[in-house]
Amino acid sequence: MNPPPSALPGHTRTTGGYEAIPVAEGVHWIGALDPQLRNFDIILKTANGTTYNAYCVRGSAGVAIIDTVKAEFADEFFARFEQVADYAEITTIVLNHLEPDHTGALPELLRRAPQARVHISHRAPLMLKGLLKHNGESLDFTTVQQGDRLSLGDRHLRFLHTPFLHWPDTQCTFLEEDGILFSGDIFGCHFCDPRLFNDRVGDFRFSFEYYYQHIMRPFREHVLHALPLIEALDIRLICPAHGPIHRDAPLAYVKRYHQLAAPQLTNEAGQHAKTLVMFYISAYGNTALMAQAIKDGAESIDGVRVSLYDLQGGEVTPFVDLIEEADAIAFGSPTINGDAVKPVWDLLSCLTQVPLKGKLGAAFGSYGWSGEAVGMIEDRLRGLKLRVPCAGIKLKLIPTGEELAQCHAFGQDLARHLTGQAAFRVIDMTELA
Ligand code: FEO
């Protein structure tokens, strides 16, 4: 059991225990506060915790639960729920997203309200089965699609198909009569303030932006697909799955998502040029020589703009922005102790933050003994779902004039793949023997 929120400063009620907090007439927040959390999903920092937001909606023909909470906070969730409804009244459980921070209390909720019908997006069934299988439970459920509606009598829920915000299963649910969007993770943030509403809590702008950058940015194309569905609604309140409820100027958060999902950099290269960004680091200048020759080769192909950066002279964040906008990326690294060097891995480790699908990748580098770095970088690029069309080029120590010509040709080859000019390679079947 976690400490009651009444023990925390600024709680909305002065009485003890877990209170259900009214959001609108017949709509209550019944979530949980987790003020001690400092790392979410291992990778995401939070300076003052988070909230797991769940909601209870009362209609004339039944009660709906929208999402639940992380398993450790189930007691808090049930205690709040019991103040506003009985389990026997629950007709509907809507799961906007099946990640365990929102479904941890589901098995127990189903035991307490076995009559309730679970509604999930049509992309969620396998995840739901995966969540419940360890309990040996099976479950009948209803899948919903874009625009499907569900009646609670005098109130209606409408479902928005918004996949990959930020899992394949994610959806939003709109309470039509009240203009309330239960948005799941989108528009949320890890910020715990028991005053709960955006016009009452502390300044959470940093958390909102940070959350977008780390959770939604890799799926920005999906964000851009979802926003028109959301903007078509008459929204009066946004109830996300984490952090403050946006009751003051809720559309400002939708507008901000539009800005955040837009390209971070303007396309100076124009509409038609393909962009190749190259990063290298060099111990004795040999990988730098290779980088320059590859750059020259790529630039000799029309329709390609090439930019070359020494990783010793830059910081990761602007480079991530560049990569997000690029059509192709190439990494050059020497091999030291059988590995690519740390600045290369540092940048590569940040690329899960940006969409990479459809980009080309390449690797090159000089080496002294063994030259593993090039293959390791290529493996990482493929693991990130980039296409690596040209076998990486690695050279022993100081490149000769002939080897630099190979690098030049490598750059040309990469550029031709980028512009769609590369000829298909005819494979001699004897090569495969
Ligand atoms: Fe808040 Fe993606 O779970």
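Order of listing sets the numbers, starting from 1, for every ligand and every atom in it. The figures here come from the full heavy-atom set of this structure, side chains too, leaving out hydrogens, waters and symmetry mates.
The ring-ring contact (aromatic ring centres under 6.0 Å, His included) pairs that include a residue from residues 306-363 are Phe279-Tyr309, Phe279-Phe319, Phe279-Phe331, Tyr309-Phe319, where partners are two or more places apart or lie in different chains. The list of ring-ring contact (aromatic ring centres under 6.0 Å, His included) pairs with a residue in residues 105-127, not counting sequence neighbours, reads His122-His161. Residue pairs satisfying the salt bridge (charged side-chain N to carboxylate O under 4.0 Å, His left out) criterion with at least one member in residues 226-248, sequence neighbours excluded, are listed as follows: Asp199-Arg247.
Heavy atoms of other residues, nucleotides or ligands lying less than 6.0 angstrom from CG of Asp203 number more than 12. Around atom CG of Leu224, more than 12 heavy atoms belonging to other residues, nucleotides or ligands sit under 6.0 Å away.
Each protein N/O/S atom under 2.8 Å from atom 2 (Fe) of ligand 1 was counted, for a total of 4.
In this structure, the ring of Phe208 has its center less than 6.0 angstrom from the ring center of Tyr257.
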